[in-house]
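What follows is a short report on a single structure.
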Amino acid sequence: RHPGWFARALAAMPAIARDSKRVSRCVDRDPEATRNAYAAIRVDAPDTAALRRRARAHGVTLHDLVVAIMLKTLAPIATGRDTGGHRREIGVASIVNIRKDFGAAAAGAFGQFLASMRIAHAVPAGIGIDALARDVRAITAPIKRQRLYLRTLYGLLFASGAWRFMSTGQRLRFYAK
């Protein structure tokens with residue numbers, strides 16, 4: 001629909017590799033254990049409204065505030081970040097619904113129209129949620145404005161091509177969480 005969006009996303013691909021080198025890695029206990037887990041919490045309407053008000057008061061989106069809360073929550077358990085190495089940031093990913101980017105024709109189409117964006121921050125000791133949310137906003141705003149979340153589609157394309165050349169061990173670690 002808009003080749004410029006995809007061209008900008010493709011040009012931004014090297015940034016994914018560069019930025020990932022600053023993010024702390026989780027300890028890989030057993031790469032052959034392919035189990036995954038999911039936990040959900042329900043935030044009732046009054047609490048959601050309070051979060052929206054707080055986000056608005058600080059010039060961030062609800063999404064930015066929730067990502068900041070996740071980063072702050074992960075900080076105490078993200079061990080090994082402050083050991084003097086270069087992997088000092090915590091990274092999280094967020095799913096982006098991209099159906100709107102494909103126009104009216106996609107509105108009624110069956111299928112998933114999803115991409116993702118990665119947000120990384122050092123989360124220094126003592127940073128407050130509001131300041132962290134503003135930092136997150138500084139990261140997410142250009143990604144959304146320039147539609148850089150579309151670069152994950154190129155990442156999937158690359159992965160599908162590389163998959164057939166990987167050993168079983170490499171495949172187990174390729175999308176390790």
Side-chain angles (χ1 to χ4, degrees), residues 12-97 112 114-144 148-149 151-152 155-156 158-159 162-163 166-177:
M13 285 296 292
I16 289 178
R18 183 191 66 235
D19 294 347
S20 68
K21 292 180 181 183
R22 294 191 318 253
V23 176
S24 177
R25 293 183 178 171
C26 296
V27 176
D28 188 4
R29 299 193 195 303
D30 182 6
E32 293 184 22
T34 57
R35 67 181 174 11
N36 208 342
Y38 174 78
I41 61 167
R42 180 172 170 78
V43 181
D44 61 21
D47 289 338
T48 300
L51 287 169
R52 286 186 192 282
R53 284 191 302 274
R54 184 166 182 172
R56 199 174 311 116
H58 293 281
V60 301
T61 66
L62 177 61
H63 175 263
D64 298 328
L65 181 58
V66 170
V67 168
I69 292 168
M70 287 189 333
L71 288 167
K72 187 77 168 166
T73 302
L74 290 170
I77 59 173
T79 59
R81 291 184 307 124
D82 54 358
T83 59
H86 63 278
R87 294 186 178 271
R88 296 179 181 204
E89 295 182 348
I90 299 170
V92 298
S94 181
I95 301 299
V96 179
N97 182 345
Q112 297 176 347
L114 303 174
S116 64
M117 69 170 124
R118 298 181 334 176
I119 301 108
H121 194 282
V123 192
I127 191 169
I129 290 292
D130 300 326
L132 184 54
R134 286 189 294 274
D135 287 354
V136 168
R137 180 67 181 161
I139 296 166
T140 62
I143 292 171
K144 293 175 186 177
L148 296 178
Y149 46 78
R151 64 187 167 188
T152 57
L156 289 171
F158 164 77
W163 193 258
M166 293 182 195
S167 67
T168 301
Q170 289 170 319
R171 287 179 179 178
L172 290 171
R173 287 184 174 86
F174 192 72
Y175 282 121
K177 293 174 179 64

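Nearest heavy-atom pair across T61 and K144 is OG1-NZ, 3.8 Å. Looking at every heavy atom in both residues, R137 comes nearest to G59 through CG-O, 4.1 Å. The shortest heavy-atom contact between T73 and I77 is O-CG1, 4.4 Å. Across A75 and V123, no two heavy atoms sit closer than the pair CB-CG1, 3.7 Å. The minimum heavy-atom distance linking V136 with V67 is given by the pair CG1-CG1, 3.9 Å. For L132 against A68, the heavy-atom pair with the smallest separation is CD2-O, 3.3 Å.
Screening residues 45-56 for side-chain hydrogen bond (donor to acceptor under 3.5 Å, both in side chains) gives R54-D130 as the qualifying pairs, with residues at least two apart or on separate chains.
Between the side chain of R171 and the main chain of W163, a donor-acceptor pair closer than 3.5 Å is present.
Between V92 and L71, some side-chain heavy-atom pair lies under the 4.5 Å cut-off. Looking at I127 and D135, their side chains come closer than 4.5 Å, going by heavy atoms from C-beta outward. Between V96 and T152 the shortest side-chain heavy-atom distance does not fall below 4.5 Å. Considering only heavy atoms from C-beta on, L148 stays 4.5 Å or farther from M117 through its side chain. Taking 4.5 Å as the limit, every side-chain heavy atom of K72 sits out of range of all side-chain heavy atoms of H121. In this structure the side chain of H58 never reaches within 4.5 angstrom of the side chain of L65, judged on heavy atoms.
Taking CZ of R151 as the reference point, atom CZ of R118 lies at 7.5 Å (rounded to 0.5 Å).
Defined by atom type and a distance below 3.5 Å, a donor-acceptor pair is missing between the side-chain atoms of T140 and H63.
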